[in-house]
Amino acid sequence: MHAHPKTQRTGHFIDIFLYIPWVVTGVMFLALILSGVVERTLVSTSLFVDPKVPAQLNPIQLKKEPIGALRIDVNAGLPSNQWVTYEIQVKDQQGKVIASGLKQAWAESGSWAEEGESGSWAEDDLMAGLDIRASQSEPITIAINVLDYTDTAGNELNQPIRFGITVKNGVVDDRFLWAGLFGTAFIAVLTLFSVASTGKVVINKSNRDSDVVARTVTGGAEQLVRVLVKVQSDEHSPSTFNIRLTVHDANGEQSYSKVHSVNVNHSKDDGVVKSGRSSLTTFFVLEPRTSYGFHVEVTPDVSVDRTRIIVRENARTLFPVDVITLKST
Amino acid sequence: MLTKLFATIVVAIAAITLTAGFTQQAALVLRQENQNHWARHGTQTSGTYRSGVWVDSPTRNSYENFRGGGPGVGK
């Protein structure tokens, strides 16, 4: 005996694990926004530095802190077509260098002419940055040392360079956070594509025809069965197909049969339809677990090249879906 | 199964990058010989620690050969 097929929208088969990547991506995004909250600007000034004569800022107190680091950002105010090699130095209380970072900065410009067109270009790379973490709290002094200063012809220059210096404390390294955000977002998108392939494939059968029949043991209580029908059609594809999906029970008796109307995605070349693709996804709960037959019939059948049925059991969903329950006793 | 794997991977990515970013694992740690320093703006350290003392690296003076950048390079 068959109970009448019952269709019900349910969120019972939603997999919460599918939401975790999205929640984590949101957390990474929040972390990026909030990462600037803890930072404080200690110094924001400019300094004129003569070549070979280190110039320094007033001492600042470096504290050992659990979050962030002391960030020194330096921007060399270099006129066009000059090169400078400079060093950010960190000195201790006795004036001894305890850390240094070397930057080779340049600014160049020029003009170009090619195939009757011309224009000008200007490029530079002037920023230097050093993040330091303290192993102990101590006063430090930040100095800038110009090691080499020339024009593009290689002539030594002997004039002061203006450096813009910003020192911040508690700065979080956002390069890691960006990497984390892209990584988690990438996987979050992957999960969206993986939803349709959750569960175990129990039928994957195709036919170069407009109908396909397959039978397998599937179903059971609390088992979501996802039935996917794919139709490939030729250049005479209509705008919609009628797909009749029929389910037969173990005795061969029809327990479900319904015609679904699906839209056809046409692929066009110069506005002319070359082929069509359409698909139908339906969800079932089949009780008890036994042998079920699936029969797909596509009409109108003239343009149909191939019909495929894929049945997955133990499927999961991202949103509530309409589930057809077939129970036989 | 796949969704659980994805969930585990994202949690791991988030834990690693948040820890590394907020505790500044790529910063230069003063007076520590083992460094995980990751240069910003192409600023390479010009020394290393030997017994807690900063020693200029041997390549520090190679800046003499610096020839700038830009589209003119290599022509």
Side-chain angles (χ1 to χ4, degrees), chain A residues 15 17-18 20-21 24-25 27-28 31 35 62 66-69 73 83 85 87-88 90 96-104 106 108 110 121 123-125 127-136 147-148 152 171-177 179-180 183-184 187-188 190-191 194 197-198 316, chain B residues 1-33 35-49 52-57 59-73 75:
Chain A
D15 187 351
F17 283 100
L18 289 166
I20 289 177
V24 175
T25 304
V27 169
M28 288 306 300
S35 63
L62 181 63
I67 287 180
D73 275 330
W83 300 329
T85 300
E87 212 175 40
I88 302 172
V90 178
K96 247 176 58 193
V97 175
I98 51 171
S100 59
L102 193 77
K103 172 69 182 185
Q104 300 189 310
W106 51 271
E108 288 178 33
W121 58 267
E123 278 186 43
D124 57 47
D125 177 15
M127 289 289 294
L130 197 61
D131 284 2
I132 56 175
R133 258 193 310 139
S135 46
Q136 65 193 58
L147 302 174
D148 190 33
T152 45
V171 178
V172 172
D173 197 339
D174 63 357
R175 293 173 298 182
F176 288 109
L177 305 187
T184 53
I187 290 176
L190 275 188
T191 57
S194 72
S197 62
T198 51
R316 293 281 162 193
Chain B
M1 250 341 266
L2 195 61
T3 59
K4 280 176 191 163
L5 179 70
F6 281 148
T8 313
I9 293 170
V10 283
V11 169
I13 290 175
I16 292 166
T17 57
L18 286 173
T19 309
F22 277 83
T23 62
Q24 270 279 7
Q25 290 305 304
L28 184 73
V29 187
L30 293 181
R31 299 194 177 83
Q32 189 176 292
E33 298 202 5
Q35 296 286 347
N36 300 311
H37 183 238
W38 178 12
R40 291 174 49 245
H41 299 305
T43 311
Q44 301 296 336
T45 50
S46 50
T48 49
Y49 290 106
V53 179
W54 187 254
V55 182
D56 283 347
S57 65
T59 57
R60 180 173 176 263
N61 291 318
S62 64
Y63 61 81
E64 298 284 357
N65 301 321
F66 176 48
R67 306 298 299 161
V73 169
K75 281 192 182 170

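Lettering follows sequence order; numbering is per chain, from 1.
Annotation: the span from Gln44(B) atom CD to Leu130(A) atom CG amounts to 10.5 Å, rounded to 0.5 Å. The line from OG1 of Thr8(B) to CZ of Phe17(A) is 7.5 Å long, rounded to the nearest 0.5 Å.
When the candidates Gly47(B), Ala27(B), Gly52(B) are compared by the number of heavy-atom contacts under 4.5 Å with chain A, Ala27(B) comes out ahead. Considering only heavy-atom pairs separated by less than 4.5 Å from chain B, the leading option among Ser197(A), Gly129(A), Gly110(A) is Gly129(A). Comparing Leu190(A), Ile88(A), Thr25(A) by heavy-atom pairs within less than 4.5 Å of chain B, the highest count is held by Leu190(A). The candidate from Phe6(B), Tyr49(B), Trp54(B) with the greatest count of non-hydrogen atom pairs under 4.5 Å with chain A is Trp54(B). Counting heavy-atom pairs closer than 4.5 Å to chain B, the top-ranked of the candidates Leu62(A), Val97(A), Asp125(A) is Val97(A). The candidate with the highest count of non-hydrogen atom pairs below 4.5 Å against chain B, out of Ser100(A), Ala134(A), Ala31(A), Pro21(A), is Ser100(A).
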- Task: Applying side chain to side chain contact (heavy atoms under 4.5 Å, CB included), run through Phe22(B) and Leu177(A) and close with a yes or a no.
- Result: CA-CA 9 Å; Phe22(B) 277 83; Leu177(A) 305 187; 3.9 Å; yes

- Start with the C-alpha distance between His37(B) and Arg133(A), add both sets of side-chain angles, then the distance that settles side chain to side chain contact (heavy atoms under 4.5 Å, CB included), and finish with yes or no. CA-CA 10 Å; His37(B) 183 238; Arg133(A) 258 193 310 139; over 6 Å; no

- Query: Should Ser135(A) and Gln32(B) be marked as a side chain to side chain donor-acceptor pair (under 3.5 Å) after you check the CA-CA gap, both sets of side-chain angles, and the distance that decides it?
  - Reply: CA-CA 8 Å; Ser135(A) 46; Gln32(B) 189 176 292; over 6 Å; no

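Only the side chain of Leu2(B) comes within less than 4.5 Å of a heavy atom of chain A; its backbone N, CA, C and O stay farther away. For Val24(A), the part sitting under 4.5 Å from any heavy atom of chain B is the side chain, from C-beta outward, and nothing else. Looking at Asp15(A), the atoms closer than 4.5 Å to chain B (heavy atoms on both sides) all sit in the side chain, from C-beta outward. Contact of Thr198(A) with chain B is made through the side chain alone, with heavy-atom distances under 4.5 Å.
Taking all atoms of both residues into account, the shortest heavy-atom contact from Gln24(B) to Gly68(A) is CG-C, 3.6 Å. Contact between Ala26(B) and Arg175(A) at its shortest, heavy atoms only, is CB-NH2, 3.8 Å. The minimum heavy-atom distance linking Ser46(B) with Leu102(A) is given by the pair CB-CB, 4.0 Å. Minimum interatomic distance between Ala99(A) and Leu30(B) (heavy atoms only, all atoms of both residues): CB-CD2, 3.9 Å.
The shortest distance between side-chain heavy atoms of Arg316(A) and Thr3(B) does not fall below 4.5 Å.
The salt bridge (charged side-chain N to carboxylate O under 4.0 Å, His left out) pairs that include a residue from residues 40-49 of chain B are Asp73(A)-Arg40(B), Asp131(A)-Arg40(B), where partners are two or more places apart or lie in different chains.
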